[in-house]
There are 2 protein chains.
Amino acid sequence: MKDVATAAGVALKTVSRVVNEEPGVTPATARRVLAAIERLGYRRNESARLLRRGRTATIGLVIEDVGDPFYSGMGRAVEQVALAHGSLMFSGSSGEDPRRERDLLLAFCARRVDGLVIVPAGPDHGYLRPELDAGVAAVFADRPGGLDADTVLCANAAGAYAGVTHLLRHGHRRVAFLGDDPAIFTAAERLAGYRRALADAGLGADASLVAMGPPERAGAALSAMLTGGDPPTAVFTGNSRITVAVLRAGHRPPLVAFDDFELADLLTPGVTVVAQDPMGLGRTAAELLFERIAGGRGPARRIELPTRLVPRGSGELPPAPGTAGPGRR
Amino acid sequence: MKDVATAAGVALKTVSRVVNEEPGVTPATARRVLAAIERLGYRRNESARLLRRGRTATIGLVIEDVGDPFYSGMGRAVEQVALAHGSLMFSGSSGEDPRRERDLLLAFCARRVDGLVIVPAGPDHGYLRPELDAGVAAVFADRPGGLDADTVLCANAAGAYAGVTHLLRHGHRRVAFLGDDPAIFTAAERLAGYRRALADAGLGADASLVAMGPPERAGAALSAMLTGGDPPTAVFTGNSRITVAVLRAGHRPPLVAFDDFELADLLTPGVTVVAQDPMGLGRTAAELLFERIAGGRGPARRIELPTRLVPRGSGELPPAPGTAGPGRR
DNA sequence: CGCCCCGATGACAACGTTGTCGGCGAGGAG
DNA sequence: CTCCTCGCCGACAACGTTGTCATCGGGGCG
């Protein structure tokens with residue numbers, strides 16, 4: 001900028017005025033400045049500008065895995081909202097590692113982002129307290145975080161309830177639940193929805209029908225259930241990775257899966273799913289964030305986005321004839 | 001920082017020294033400063049620091065669609081390399097819109113990123129010339145860009161050649177090619193590989209077996225081919241979106257697909273694919289980038305990553321009996 | 001003809017850091 | 001006792017912008 005000023009024979013401030021299209025510059029002067037800018041290939045240093053102005057027009061996004069379709073869809077929605085607000089977006093993956101999440105978030109804050117959209121990996125975000133006090137906005141998405149901040153969730157329990165009820169309506173009485181580690185918020189919520197659905201249908205809880213743990217063990221867990229005494233006639237899977245693990249293990253039971261996935265409709269039978277809305281999640285989270293950045297006050301909000309049951313065949317199968325008598329014995 | 005200095009009763013510079021762990025500070029003084037930092041919740045302003053130092057420790061990534069599994073996998077790899085180099089990553093989607101790509105890239109440059117990883121949407125990147133001259137590094141990934149910069153590609157032609165040859169080895173003589181708009185670099189390259197495979201097998205080119213265009217029309221295009229006279233006995237699809245479109249349209253022909261996709265192994269029959277390596281693409285691109293950022297000179301490099309043929313059933317099917325006689329008539 | 005006002009421009013400080021250099025006090029050597 | 005050295009620390013400028021205020025010149029008006 002200094003060079004441009006020298007080249008155009010004007011003061012620094014005049015160049016600044018031209019660049020910012022501020023009034024009070026003679027067209028002739030402006031032309032001279034613009035010519036110099038063009039000639040020198042000058043581009044304003046946005047970092048310096050933002051340092052001076054205090055707003056960085058930047059937000060940070062931390063998700064579990066940038067490569068996961070669910071989260072990357074969410075990221076895209078956040079990006080769109082950010083762009084609409086003239087902001088750029090840092091993004092990073094926590095990989096479910098709370099320490100890495102912390103490092104990323106603090107790195108973003110050190111860059112003085114205006115706000116954060118966080119899919120929490122760890123339960124504790126106390127380290128963000130000073131940042132929030134310093135004016136950084138934050139929104140948790142998909143799972144609640146360890147702070148009293150705006151939160152956007154999917155209707156995990158209600159969705160699981162609907163999915164399990166769907167199976168019960170098709171005559172099943174013994175429905176297995178294959179879920180992820182119950183330490184994960186969404187896994188626990190979905191399990192709760194499953195249990196409530198059974199209870200509301202007057203069915204008791206049978207611990208032998210529930211297997212919680214890492215997806216790679218889900219196939220074996222289901223195999224064990226099916227070869228045991230009094231096996232399930234239908235299965236509810238708690239997330240896509242588990243669904244896929246079950247399918248890969250060769251199982252094709254009557255099935256409702258939580259979370260939609262590409263090509264679910266092309267399998268035989270098509271997989272009935274409880275679809276979440278990743279784009280909606282991202283959009284809503286980002287909109288809440290920018291409300292806060294714009295100065296919105298008030299208590300933290302908690303929004304649950306509805307799920308949608310998508311019947312595709314696998315969830316409409318009746319109990320296999322010959323299996324399971326009149327229910328539990 | 002000023003406040004910390006006042007609180008600790010030392011000069012600004014001393015705080016700076018403590019924060020940066022520079023030598024020459026008495027342990028006692030350092031303790032006092034650290035206490036003040038803790039008490040005030042001070043965090044260094046990285047933007048100001050980087051403004052002063054000249055390096056931003058930030059790179060920018062522009063891909064076609066953050067939500068696409070192929071690109072988001074790539075993004076993850078880029079992110080990992082960036083993190084390993086202590087850099088953060090801006091990311092954005094061009095959505096195949098050259099103008100938006102330009103806006104994003106220039107916005108990143110205005111933030112003075114150290115380098116850019118670009119999946120080019122448009123053919124012309126002349127507008128980046130001043131930025132590159134100013135020292136911003138750039139690497140093109142997946143497609144060549146309109147500048148003489150490092151480029152990392154998949155072996156598009158060779159991969160298509162291998163895939164088509166695979167079909168020919170299984171007895172097919174009439175192989176259809178369903179590809180995307182040939183204005184897209186990868187689509188054109190894959191078409192060339194297809195043609196070369198046919199030529200090397202002594203088969204003439206039959207224009208009626210080639211359909212190039214948007215994925216949503218691929219299903220209809222194949223239907224037309226199959227109901228026409230002298231239909232193909234096998235199909236090669238030029239990318240995943242086209243593959244999926246074909247499958248959704250209900251077709252299950254002998255098939256080899258360019259680009260792997262989740263669950264390809266679970267369909268019946270499993271879909272034989274020419275797998276690319278998105279993580280490798282991202283990793284390689286990012287590594288080249290950081291070499292340049294570290295000061296690497298020399299002419300622009302162009303790297304092609306090999307593809308891998310993954311047989312899963314659909315590509316090993318023989319021509320349907322009754323179809324197609326001894327070849328073209 | 002003189003005054004005032006206004007529009008164009010410029011000088012300077014400030015944003016929050018870091019690099020450079022100089023000062024100051026203590027301790028060792030002569 | 002004096003001088004030099006060295007370790008600790010602080011003052012100041014600079015990075016590239018923008019906000020504030022001053023300056024300067026010309027034109028309208030009394």
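What's counted below: heavy atoms across the whole structure, side chains too, no hydrogens, waters or symmetry copies. Within every chain, numbering begins at 1; the chains are lettered A, B, ... in the order of the sequence lines, protein sequences first and strands thereafter. No experiment lies behind these values; they were computed from the predicted model shown.
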Tell me the interatomic distance from [X], atom [atom1], to [N], atom [atom2], rounded to whole angstroms.
X: A/L50; N: D/dC15; atom1: CG; atom2: P; value: 19 Å
X: B/R49; N: C/dG19; atom1: CZ; atom2: C1'; value: 13 Å
X: A/M1; N: D/dC15; atom1: CE; atom2: P; value: 14 Å
X: A/D3; N: D/dG16; atom1: CG; atom2: C1'; value: 11 Å
X: B/Y42; N: C/dG16; atom1: OH; atom2: P; value: 10 Å

TODO: Let me know, please, whether B/L51 or B/A11 comes out on the 5' side of the other along DNA chain D by nearest nucleotide.
DONE: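 Result of the comparison: B/A11.
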Open item on the list: On DNA chain D, compare the nucleotides closest to B/P23 and A/K13; which residue's is nearer the 5' end?
Closed with: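 Of the two residues, B/P23 wins.
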TODO: Kindly determine whether A/F90 and A/L61 satisfy side-chain contact (heavy atoms from CB on, under 4.5 Å), including the steps that lead there.
DONE: CA-CA 6 Å; A/F90 281 119; A/L61 170 71; over 6 Å; no
Check every strand shown and say whether [X] touches a base, only sugar-phosphate, or nothing at a heavy-atom separation below 4.0 Å.
X: A/L12; value: base
X: B/R43; value: sugar-phosphate
X: B/V19; value: nothing
X: A/R44; value: sugar-phosphate

TODO: Drop me the distance from A/Y127's OH to A/C109's SG, to the nearest 0.5 angstrom.
DONE: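 That separation rounds to 9.5 Å.
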Would you say [X] places a side-chain N or O within less than 4.0 Å of OP1 or OP2 belonging to [N]?
X: B/R53; N: D/dA14; value: no
X: B/T14; N: D/dC9; value: no
X: A/T29; N: C/dT9; value: yes
X: A/T26; N: C/dT9; value: yes

TODO: Might you point out which heavy atoms bring A/S94 and A/V62 nearest each other, and give the distance in Å?
DONE: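 Where A/S94 meets A/V62 most closely, the heavy atoms are CB-CG1, 4.0 Å.
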Task: N/O donor-acceptor pair, side chain A/R17 with base D/dG19, under 3.5 angstrom - done: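 Not at all, since no donor on one side and acceptor on the other fall under 3.5 Å apart.
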Open item on the list: Consider side-chain contact (heavy atoms from CB on, under 4.5 Å). Of B/V18, B/V15, B/T29, B/V4, which one does B/L34 pass it with?
Closed with: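 So, applying the side-chain contact (heavy atoms from CB on, under 4.5 Å) to B/L34 and each of B/V18, B/V15, B/T29, B/V4, only B/V18 qualifies.
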Task: Among A/D65, A/V119, A/N239, A/D142, the one residue meeting side-chain contact (heavy atoms from CB on, under 4.5 Å) with A/F70 - done: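 The residue from A/D65, A/V119, A/N239, A/D142 that satisfies side-chain contact (heavy atoms from CB on, under 4.5 Å) with A/F70 turns out to be A/D142.
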Candidate nucleotides [options], ranked by approach to the side chain of [X] - the nearest:
X: B/K2; options: C/dC15, C/dT17, C/dG19; result: C/dC15
X: A/R112; options: C/dG10, C/dT17, D/dC9; result: C/dT17
X: A/E22; options: D/dG19, C/dT17, D/dT17; result: D/dG19

